[in-house]
Amino acid sequence: MKNLTGKLYIIVIVAAVIAGVIGWMQWFEDDPADSGHGDSALVIPALSAKAAMGAELFEQKCMACHGQNAAGSDQGPPLVHRIYEPNHHGDIAFRLAAQQGVRAHHWDFGNMPPVEDVSEDEVVMITRYVRELQKANGIY
């Protein structure tokens, strides 16, 4: 009986590891161009004051590439996407991308150039806006 319990325990552990690996692989194999939302399904929440200011700044400085409500465009990726969730791309990643630009690494849009005339405080508000959109859409 003891031997059977030990074997069952090992089988359960191996099954859990396999399920975890499969889930992890699917996360990375999904087409990053598919945000899982599409413009029509994007939830737009009531925004905090800081995020509302960020929404205005986003429209001025980011929307041309990242699309309305950060849903992406043919010029740049959607920021309301699990790739940009805080544990994968923290808030500092947004600041550095705006200040220094960023090499293309998830998408085929090419490198992102630095954003001219955007302050660190403005990036903080824009990031708040993006995070509130993400949270409303189950990405947080």
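Note that the structure is a prediction, hence the values are computed from the model and not measured.
Residue D108 qualifies as open at atom CG: its count of foreign heavy atoms under 6.0 Å is 12 or below.
Remark: of the listed residues H106, H105, H81, H106 is the sole one forming a ring-ring contact (aromatic ring centres under 6.0 Å, His included) with H88.
Interatomic distance, M112 CE to Q100 CD, rounded to the nearest 0.5 Å: 11.0 Å. Summarising the geometry, atom CD1 belonging to I139 is positioned 11.5 Å from atom OH belonging to Y84; distances are rounded to the nearest 0.5 Å. Atom CD in Q99 sits 9.5 Å away from atom OG in S119 (nearest 0.5 Å).
Put simply, I126 and V115 are part of the same group of oily side chains (I, L, V, M, F, W, Y) that touch within less than 4.5 Å, one to the next.
In this structure, I92 belongs to a hydrophobic cluster whose other members, linked by side-chain heavy atoms under 4.5 Å apart, are L96.
Side-chain N or O atoms of H89 include one that pairs as donor or acceptor with a backbone N or O of I83 at under 3.5 Å.
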Acceptor/donor pairs from residues 42-66 side chains to any protein atom, 3.5 angstrom cut, sequence neighbours excluded:
from : atom 1 : to   : atom 2 : distance (Å)
S48  : OG     : A51  : N      : 3.2
S48  : OG     : E132 : OE2    : 2.6
K61  : NZ     : D117 : O      : 2.7
H66  : ND1    : P77  : O      : 2.8

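Contact between N137 and A41 at its shortest, heavy atoms only, is OD1-O, 4.1 Å.
A heavy-atom distance below 4.5 Å is not found between the side chains of L133 and Y140. Looking at heavy atoms from C-beta onward, F109 lies out of side-chain contact with S73 at the 4.5 angstrom threshold.
Partners of R131 under the side chain to side chain donor-acceptor pair (under 3.5 Å) rule, at least two apart in sequence or in another chain, are D91, Q134.
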